[in-house]
Participant: 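I have a structure here, written as structure tokens, and I will follow up with some questions on it.
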Amino acid sequence: MRLVILTVLAAAAMTAQSPKQAAKQAPKMDPPLTIPDGVTVKHDIVYATYGARKMHLDLYLPPASAKVPYPAVVYIHGGGWRNGNKNAFARQAAHMASKGFVGASIEYRLSGEATWPAAMNDAKAAVRWLRANAAQYKVDARHIGAAGGSAGGHLDAMLGVTGEVKSLEGDGGSTGYSSRVVAVAGFNPAVDLVAFGKKASPNATGSVSAFLGGSYAERKEIWELATPITHVSKGSAQFLFLHGEADTTVPIQQSLDMMDKLKAVGVYAEIMKAPGAAHGFFNRPPWFAPTLERMEQFFERTLR
């Protein structure tokens, strides 16, 4: 595919430059969104309803020539659970659709609108919606995965380790279907909120406290319930972590610790480390193409 070839060449060129040169040129080299031939995008499909509030997703459908049924991936944007939108993973979703994967890039209720477990309810409702509509969109309901970054990485990790937990399901739509995913790709995911809450002062946990409805001291049980690493079990999904080694927002140690815990109970997990990369590295050069390729390889193995 021409887009991927260009981004790979761009990444190779970046590695030969100094950090200062790369920083100056990076924004210009960020690949634009292009929809590959044959891929169809259906925007703003309602996947869950809470009273008057309707939740939307963008659905990326493979070319008619792709092998059916299609495995599927739910994409969840980051933004500290308080901002961001469902376009964040559009480039990844479009590329993966060209390879035969249905993609559902979702919006979810942010902390300014609702607190925990609202966002988790939304993520699970999106997985259920895919299964409820599997026949219409030729989705392989047995092979659904999730990908997300930062706050979205937290939500997709929770999908990967909680299976069907009644208190997290919500009643927004497609009830009666499973919200379980079998593979998760987490880009610098926040997987240990408890460790952060214990170390940080209460006034330094703003985005997490807003998301969970209070500080760690105030809502200890909620922080523990919302922490993916506390739910790891033999039934957890397979995981790919993609993390920048220079990430100070969500240190790479969080991914390493969760990977170790998954492996300790016999669940497959791997990591792609990005030397010198900070938070949100995967959407910027020189890392966009390599992380996209690694995610594609992972989902080909776990979902195909």
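Just so it is clear, the structure is predicted and the values come from calculations on it, not from any experiment.
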Participant: Examine R301 relative to Y268 and say whether NZ or CZ is less than 6.0 Å from the centre of the six-membered ring and inside a 45° cone about the ring axis.
Facilitator: yes

Participant: Look at the side chain of D247 and the backbone N and O of V250, then say whether any donor-acceptor pair between them is shorter than 3.5 Å.
Facilitator: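 Present.
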
Participant: With the side chain counted from C-beta on, respond yes when D37 and P63 share a heavy-atom pair under 4.5 Å apart, and no when they do not.
Facilitator: no

Participant: Does any non-hydrogen side-chain atom of H143 lie less than 4.5 Å from one of R304?
Facilitator: no

Participant: Under 6.0 Å from the six-membered ring centre of Y50 and within 45° of its axis: does the NZ or CZ of R109 meet both?
Facilitator: yes

Participant: If you round to the nearest 0.5 Å, how far is CD of Q92 from CG of L33?
Facilitator: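 Rounded to the nearest 0.5 Å, the CG-CD separation comes out at 10.0 Å.
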
Participant: Any idea which heavy atoms bring V232 and V161 closest together, and the distance?
Facilitator: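 For V232 versus V161, the nearest heavy atoms are CG2-CG1, 4.2 Å.
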
Participant: Does NZ or CZ of R91 lie under 6.0 Å from the centre of the six-membered ring of F288, at an angle within 45° of the ring axis?
Facilitator: yes

Participant: Between E224 and T227, do the side chains contain a donor N or O and an acceptor N or O under 3.5 Å apart?
Facilitator: no

Participant: Indicate the atoms forming the closest heavy-atom contact of G79 with A151, along with that distance.
Facilitator: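 Closest heavy-atom pair between G79 and A151: N-CB, 4.2 Å.
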
Participant: CD1/I229 to CG/L193 distance, rounded to the nearest 0.5 angstrom?
Facilitator: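 The CG atom of L193 is 10.5 Å from CD1 of I229, to the nearest 0.5 Å.
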
Participant: Can you check whether G152's main-chain N or O pairs, donor with acceptor, with S150's side chain at less than 3.5 Å?
Facilitator: no

Participant: Begin from the C-alpha positions of K99 and E293 and carry the test salt bridge (Lys or Arg N to Asp or Glu O under 4.0 Å) through to its verdict.
Facilitator: CA-CA 11 Å; K99 302 300 182 180; E293 180 181 13; over 6 Å; no

Participant: To the nearest 0.5 Å, what is the distance between NZ on K261 and OG on S236?
Facilitator: 9.5 Å

Participant: Is a donor on one side and an acceptor on the other found under 3.5 Å between the side chain of R131 and the backbone of Y177?
Facilitator: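 Such a contact is absent between R131 side chain and Y177 backbone.
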
Participant: For the hydrophobic clusters of this structure (ILVMFWY residues joined by side-chain heavy atoms under 4.5 Å, transitively), does one cluster hold both M158 and V265?
Facilitator: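 Yes, M158 and V265 fall within the same hydrophobic cluster.
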
Participant: Consider only side-chain N and O atoms of H279 and T248, and report whether a donor and an acceptor are under 3.5 Å apart.
Facilitator: no

Participant: Is the backbone N or O of L240 less than 3.5 Å from a side-chain atom of E270, with the two atoms forming a donor-acceptor pair by type?
Facilitator: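 The answer is no, because no donor-acceptor pair under 3.5 Å joins these two groups.
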
Participant: Specify the closest pair of heavy atoms between A72 and V139, including all atoms of both residues, with the distance to one decimal.
Facilitator: CB-CG1, 3.9 Å

Participant: Minimum heavy-atom separation for I252 to G244, with atom names?
Facilitator: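 Looks like CB-O, 3.9 Å.
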
Participant: For the side chain of S105 and the backbone of K86, is there at least one donor-acceptor N/O pair under 3.5 Å apart?
Facilitator: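 Between the backbone of K86 and the side chain of S105 there is a qualifying donor-acceptor contact (under 3.5 Å).
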
Participant: Measuring only between side-chain heavy atoms, which start at C-beta, is L256 closer than 4.5 Å to F241?
Facilitator: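 Result no, sub-4.5 Å side-chain heavy-atom pair not found.
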
Participant: Using ring centroids (six-membered ring only for Trp), state whether F211 and H154 fall under 6.0 Å.
Facilitator: yes

Participant: How are the rings of F299 and F101 set relative to one another: parallel (under 30°), tilted (30 to 60°) or perpendicular (over 60°)?
Facilitator: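 Correct class here is tilted.
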
Participant: Evaluate F187 against Y75 for ring pair (Phe, Tyr, Trp, His ring centres under 6.0 Å), listing each step before the verdict.
Facilitator: CA-CA 11 Å; F187 297 80; Y75 298 94; 9.1 Å; no

Participant: Taking the six-membered ring for Trp and the single ring otherwise, decide whether the centroids of Y60 and Y70 are under 6.0 Å apart.
Facilitator: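 They do not qualify: ring centres at least 6.0 Å apart.
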
Participant: Does any part of the side chain of S178, heavy atoms only, come nearer than 4.5 Å to the side chain of R128, both counted from C-beta?
Facilitator: no

Participant: Examine Y108 together with H77 and report whether their ring centres are nearer than 6.0 Å.
Facilitator: yes

Participant: Mind checking whether V74 and D156 have side chains closer than 4.5 Å, heavy atoms only?
Facilitator: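 No, every pair of side-chain atoms sits at 4.5 Å or beyond.
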
Participant: One pair to check against side-chain contact (heavy atoms from CB on, under 4.5 Å): L159 and I76. What are the steps and the verdict?
Facilitator: CA-CA 11 Å; L159 285 175; I76 311 177; 4.1 Å; yes

Participant: Within the 3.5 Å criterion, strictly below it, is a donor on T162 or K124 matched to an acceptor on the partner's side chain?
Facilitator: yes

Participant: Apply side-chain contact (heavy atoms from CB on, under 4.5 Å) to the pair R53 and E113, showing each step before the final yes or no.
Facilitator: CA-CA 11 Å; R53 178 67 159 101; E113 178 181 359; 2.7 Å; yes

Participant: Show, in sequence, the C-alpha distance, side-chain angles and deciding distance for D192 and Q253, and conclude whether the side-chain contact (heavy atoms from CB on, under 4.5 Å) test is met.
Facilitator: CA-CA 10 Å; D192 195 345; Q253 192 61 45; over 6 Å; no

Participant: To the nearest 0.5 Å, tell me how far L110 CG sits from N85 CG.
Facilitator: 9.5 Å

Participant: Heavy atoms only: give me the nearest W129-L57 pair and the separation to one decimal.
Facilitator: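 Looking at all heavy atoms of both residues, the shortest contact is CE3-CD2, 3.9 Å.
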
Participant: Could you tell me whether R294 sits above the aromatic face of F282, with NZ or CZ closer than 6.0 angstrom to the six-membered ring centre and within 45 degrees of the axis?
Facilitator: no

Participant: I'd like to check L242 versus I271 (side-chain heavy atoms, cut-off strictly below 4.5 Å). Are they in contact?
Facilitator: no

Participant: Are any of the side-chain heavy atoms of H231 and L225 separated by less than 4.5 Å?
Facilitator: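 A side-chain contact under 4.5 Å exists here.
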
Participant: For L61, which residues count as a side-chain contact (heavy atoms from CB on, under 4.5 Å) partner, sequence neighbours excluded?
Facilitator: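 Listed in chain order: T40, K42, L59, V102, Y137.
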
Participant: Taking atom CH2 of W116 and atom CE of M120, what is their separation to the nearest 0.5 Å?
Facilitator: 6.0 Å

Participant: Pair M272, W287 - check side-chain contact (heavy atoms from CB on, under 4.5 Å), show working.
Facilitator: CA-CA 11 Å; M272 176 181 178; W287 294 108; 4.0 Å; yes

Participant: Just wondering, do E221 and R219 contact through their side chains at under 4.5 Å, heavy atoms?
Facilitator: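 SC-SC contact between R219 and E221 ruled out.
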
Participant: Quick one about N188 and Q254 (side-chain donor to acceptor, distance below 3.5 Å, no hydrogens or angles considered), yes or no?
Facilitator: no

Participant: Does one hydrophobic cluster hold both W81 and I106, with members joined at side-chain heavy-atom distances below 4.5 Å?
Facilitator: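 Yes: a chain of side-chain contacts under 4.5 Å links W81 to I106.
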
Participant: Considering non-hydrogen atoms only, spot the tightest contact between F298 and Q238 and give its length.
Facilitator: CZ-O, 3.6 Å

Participant: In Å, rounded to the nearest 0.5 Å, how long is the span from CD1 of I45 to CG of N133?
Facilitator: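 I45 atom CD1 to N133 atom CG measures 8.0 Å (nearest 0.5 Å).
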
